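The structure appears below as structure tokens.
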Amino acid sequence: NAGVTQTPKFQVLKTGQSMTLQCAQDMNHNSMYWYRQDPGMGLRLIYYSASEGTTDKGEVPNGYNVSRLNKREFSLRLESAAPSQTSVYFCAIIRGQGVYGYTFGSGTRLTVV
Amino acid sequence: ILNVEQSPQSLHVQEGDSTNFTCSFPSSNFYALHWYRWETAKSPEALFVMTLNGDEKKKGRISATLNTKEGYSYLYIKGSQPEDSATYLCAFRTGNQFYFGTGTSLTVIP
């Protein structure tokens, strides 16, 4: 997954706690995405950012906030974690205007208890 | 929310068998169709990005076709090998949004 770095890889939170998932890319691409992966549900888009300073909601944005402060970094924040947010989270960039498809980060496995 | 369906959900084949699976998607507002290979404990990796009706793409023993008018794409694997075991995802792109199927899990038995 060279080019897209996600941290942390694993996290356990208690209900109501907050945390921020970090994503950084070194490929100088405009578009960045946050997805969640749940069994039997496929990858679902939470938020995306088409360019620095812009963000848009995806399919499942409730309970999340994002921040794209610069071209390189796109963070996902859970303000008050809920068990329903237990999932695997992937950050991704789209290369070459989509010609090459997504490059995904290595994922963050989050458990909310 | 758009519906992208993949079938079958899972598949077990013997080493050397050829196999194929289907991705169905809306036939309107089509921009692109992606195929990804996803191995356990790793991240999805792009196989193909297809944009034109009738497109055929090939990478080694894996190939894909696209029919945008009827809304389906086929992924073929010729002479399956154990290392082909993975989940194969398709993603339908409309504008700047992508909708993923739930994947076909392939197990190749040596």
Side-chain angles (χ1 to χ4, degrees), chain A residues 1-7 9-10 21 23 25 27 29-51 54-62 68 74 87-109, chain B residues 1-10 21-26 29-52 55 57-59 62 64 66 68 73 75 86-105:
Chain A
N1 307 103
V4 182
T5 303
Q6 262 184 259
T7 55
K9 291 192 185 302
F10 300 95
L21 282 66
C23 177
Q25 55 130 341
M27 302 170 82
H29 291 285
N30 286 322
S31 298
M32 299 184 75
Y33 300 76
W34 275 106
Y35 281 91
R36 60 179 287 174
Q37 163 67 28
D38 301 294
M41 299 291 287
L43 285 161
R44 292 183 293 167
L45 182 65
I46 305 170
Y47 271 93
Y48 68 99
S49 171
S51 60
T54 69
T55 61
D56 287 286
K57 294 179 180 179
E59 187 182 344
V60 288
N62 291 344
R68 181 87 183 270
F74 188 36
S87 188
V88 181
Y89 293 85
F90 288 97
C91 176
I93 60 165
I94 197 85
R95 297 181 297 147
Q97 300 297 321
V99 173
Y100 302 107
Y102 278 117
T103 297
F104 287 89
S106 56
T108 297
R109 185 172 294 277
Chain B
I1 297 173
L2 300 178
N3 203 26
V4 178
E5 295 185 351
Q6 290 189 246
S7 62
Q9 192 171 7
S10 66
F21 9 99
T22 306
C23 173
S24 301
F25 52 85
N29 299 315
F30 177 87
Y31 190 94
L33 193 283
H34 294 201
W35 280 101
Y36 293 85
R37 170 192 162 86
W38 194 354
E39 293 182 73
T40 303
K42 294 187 177 180
S43 303
E45 294 185 349
L47 284 172
F48 304 116
V49 175
M50 308 175 81
T51 57
L52 298 176
D55 250 357
K57 301 259 183 174
K58 188 175 181 182
K59 184 182 290 188
I62 304 176
L66 178 67
T68 61
S73 175
L75 188 79
T87 295
Y88 292 83
L89 289 177
C90 68
F92 168 76
R93 180 177 182 179
T94 177
N96 204 29
Q97 293 229 17
F98 292 77
Y99 297 90
F100 281 82
T102 54
T104 292
S105 174

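Here is the naming used below: chain letters follow the sequence lines, and residue numbers restart at 1 for every chain. Treat the numbers as computed from the prediction; the structure is a model and nothing was measured.
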Turns out that what part of A:Leu45 lies under 4.5 Å from chain B's heavy atoms comes down to side chain
Side chains of A:Ser87 and A:Asp38: donor-acceptor distance under 3.5 Å anywhere? yes
Tell me, for A:Lys57 versus chain B, whether the close heavy atoms (under 4.5 Å) come from the side chain, the backbone, both or neither. backbone
Chain A contact via B:Phe48 - side chain, backbone, both or neither, heavy atoms under 4.5 Å: neither
Considering only heavy atoms and a distance below 4.5 Å, find which of B:Val4, B:Thr51, B:Thr102 pairs most often with chain A. B:Thr102
At a heavy-atom separation under 4.5 Å, does B:Leu47 approach chain A through its side chain, its backbone, both, or neither? neither
Between A:Phe104 and B:Tyr36, does the ring centre distance come in under 6.0 Å? yes
Shortest non-hydrogen pair, A:Tyr102 vs B:Ala46, comes out as O-CB, 4.1 Å
Could you give me the CA-CA distance, side-chain angles and deciding distance for B:Tyr99 and B:Phe25, then say whether ring-ring contact (aromatic ring centres under 6.0 Å, His included) is met? CA-CA 9 Å; B:Tyr99 297 90; B:Phe25 52 85; over 10 Å; no
Relative to chain A, which of B:Met50, B:Gln6, B:Gln9, B:Gln97 shows the most heavy atom pairs under 4.5 Å? B:Gln97
Closest non-hydrogen atoms of B:Thr94 and B:Asn29, given as atom of the first, atom of the second and distance, are OG1-O, 2.8 Å
